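Contents: one structure, followed by commentary.
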Protein chains: 2
Amino acid sequence: MDIEQTKIPQATAKRLPLYYRFLNNLHTQGKLRVSSKELSDAVKVDSATIRRDFSYFGALGKKGYGYNVEYLLSFFRKTLDQDETTRVALIGVGNLGTAFLNYNFTKNNNTKIEIAFDANEERIGSEVGGVGVEHIDDLEEKLGDISVAILTVPSSAAQGIADRLVKAGISGILNFTPARISVPSNVRVHHIDLAIELQALVYFLKHYPLNEDDVEEDQ
Amino acid sequence: MDIEQTKIPQATAKRLPLYYRFLNNLHTQGKLRVSSKELSDAVKVDSATIRRDFSYFGALGKKGYGYNVEYLLSFFRKTLDQDETTRVALIGVGNLGTAFLNYNFTKNNNTKIEIAFDANEERIGSEVGGVGVEHIDDLEEKLGDISVAILTVPSSAAQGIADRLVKAGISGILNFTPARISVPSNVRVHHIDLAIELQALVYFLKHYPLNEDDVEEDQ
DNA sequence: CGGAAGTCGTTAAAGATTTCACATACTTCA
DNA sequence: TGAAGTATGTGAAATCTTTAACGACTTCCG
């Protein structure tokens with residue numbers, strides 16, 4: 001069951017969902033085969049990097065042919081655990097939280113926001129994007145065995161909520177607040193800091209001018 | 001004027017806004033000095049990495065003392081061009097776009113969303129977060145010399161809008177759509193793909209279990 | 001069938017980033 | 001003033017990531 005997949009580079013792991021989504025597109029379009037070069041054009045990742053990434057999982061392609069879309073897709077489906085849905089909670093139903101609730105993650109994705117929490121009485125009991133909004137006071141009681149949370153609360157509330165989430169047994173937090181929250185070392189936090197992303201883009205524009213010959217790249 | 005800052009590692013450059021924001025906090029709190037260790041605890045970046053990052057700009061600290069908050073802050077203010085505000089356009093006033101418009105970027109930040117565009121007639125002419133919403137048809141006419149755009153449109157519209165932005169002279173795009181857009185090599189695109197971030201977090205949770213001894217890390 | 005063209009998987013090199021570890025120099029305090 | 005303590009800045013090592021290059025095998029087509 002547990003195939004030797006533990007040493008896949010993190011950089012590779014982060015690209016897997018991207019590959020998966022694009023393969024899904026190809027499959028929907030009825031394409032039967034794809035080369036690393038074609039994939040490269042579509043996802044903007046160097047073709048050698050793609051081949052290297054795939055090679056960590058073994059020989060998935062065929063020389064002179066490329067990759068069989070169906071096969072590759074089903075392989076990634078297994079690898080990314082697409083068959084079992086990961087249940088997610090969202091804390092903070094502001095604009096950003098609402099954006100998430102309306103985003104159809106379940107399509108092309110193994111995740112589903114099952115429950116949302118907010119402190120604003122007006123929102124409690126309503127449904128946003130098909131997800132019921134509960135009062136933040138009921139967090140511990142209603143979280144159940146959900147192990148992943150999206151944090152879209154005001155940054156002043158971030159650490160407090162994070163502490164409660166940890167106590168309630170969460171294992172991963174996707175933190176959209178500017179606060180860098182502290183958690184025990186067995187809880188994983190990914191920070192996505194919108195203001196910083198924007199500021200970094202501006203900095204790169206000023207200090208890392210692109211030439212006509214450079215290739216636009218990611219992140 | 002143009003100090004030798006061109007070879008600062010990209011990884012370092014991406015952390016600068018984070019440092020800057022935290023220094024701002026410290027300054028507001030009236031703190032006079034700070035050590036790389038303290039900074040490390042706050043921003044969750046290894047203290048050696050912080051010292052290394054700072055060292056690319058020269059000797060900013062004092063041995064046995066640490067860094068003078070005021071000095072460091074004013075240094076970063078210059079380095080990050082905080083004195084001149086970068087004007088930004090936002091395309092797509094949905095939930096996510098609205099979240100941005102209500103986000104006060106200008107505080108702690110050198111960027112300001114000056115204008116927004118949308119295709120939905122109902123939104124045109126209104127103000128969201130103090131920013132006027134224009135019709136997407138008027139993009140070229142009203143963009144002016146704005147050089148950075150935040151793209152929060154449906155992914156099916158992403159490439160088309162990107163093409164128009166490029167023609168209108170944009171230099172940088174912060175792309176929140178799942179579409180990997182193609183642009184000329186002199187335009188910089190940073191992708192932030194929310195579904196993929198969530199999926200990657202789930203993947204890491206399953207395949208990269210954290211021990212009690214590991215330290216939670218970023219991105 | 002045979003040769004040309006195509007594409008993978010991989011070795012090796014290059015490049016980027018992080019981390020260690022410590023000499024050095026400053027601060028503090030008696 | 002001097003000793004003890006502190007924290008920087010950096011050389012060197014370790015680690016991680018990307019990219020180039022090419023042998024090997026497939027497919028394609030005449």
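Chain letters run A, B, ... following the sequence lines, proteins first and then strands; every chain starts at 1. Just so it is clear, the structure is predicted and the values come from calculations on it, not from any experiment.
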I'd like to know if the side chain of [X] pairs up with that of [Y] as donor and acceptor (distance under 3.5 Å, no hydrogens or angles considered).
X	Y	answer
A/Asn95	B/Asn102	yes
A/Asp163	A/Gln159	yes
A/Asn110	A/Asp81	no

> Quick one: do B/Asp83 and B/Lys78 make a salt bridge, cutoff under 4.0 Å?
Replying inline: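 Salt bridge absent between B/Asp83 and B/Lys78.
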
> Could you give the start and end, 5' to 3', of the contact zone on DNA chain C for chain A, using atoms under 4.0 Å from its heavy atoms?
Replying inline: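 Taking any atom under 4.0 Å from a heavy atom of chain A, the span is C/dG6 to C/dA12.
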
> Within 45 degrees of the axis of the six-membered ring of B/Tyr67 and under 6.0 Å from its centre: does B/Arg33 put its NZ or CZ there?
Replying inline: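 No, B/Arg33 does not lie over the aromatic ring of B/Tyr67.
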
>> Could you measure the distance from the CZ atom of B/Phe176 to the CG atom of B/Leu194? Nearest 0.5 Å is fine.
In response: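 The CG atom of B/Leu194 is 6.5 Å from CZ of B/Phe176, to the nearest 0.5 Å.
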
>> Distance under 4.0 Å to a non-hydrogen atom of chain B counts as contact; along DNA chain D, which nucleotides mark the start and end?
In response: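 Range of nucleotides within reach of chain B: D/dT6 to D/dA12.
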
If we ignore hydrogens and angles and just use 3.5 Å, is the side chain of [X] paired with the main-chain N or O of [Y] as donor and acceptor?
X	Y	result
A/Thr98	A/Gly94	yes
A/Arg21	B/Pro178	yes
B/Asp193	B/Glu197	no

> Would B/Ser40 and B/Ile50 satisfy side-chain contact (heavy atoms from CB on, under 4.5 Å), going step by step from the backbone distance to the final call?
Replying inline: CA-CA 7 Å; B/Ser40 171; B/Ile50 292 178; 4.0 Å; yes

>> So if I take residues 60-67 of chain A and measure heavy-atom distances to DNA chain C, which residues fall below 4.0 Å?
In response: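 DNA chain C contact set from residues 60-67 of chain A: A/Leu60, A/Gly61, A/Lys62, A/Lys63, A/Gly64, A/Tyr65, A/Gly66, A/Tyr67.
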
> Which part of the nucleic acid does B/Ser36 contact within heavy-atom distance under 4.0 Å: base, sugar-phosphate only, or nothing?
Replying inline: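 The residue B/Ser36 makes sugar-phosphate contact but no base contact.
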
> For DNA chain C, whose closest nucleotide is more 5', that of B/Arg33 or that of B/Ala48?
Replying inline: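 Between the two, 5'-proximity favours B/Ala48.
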
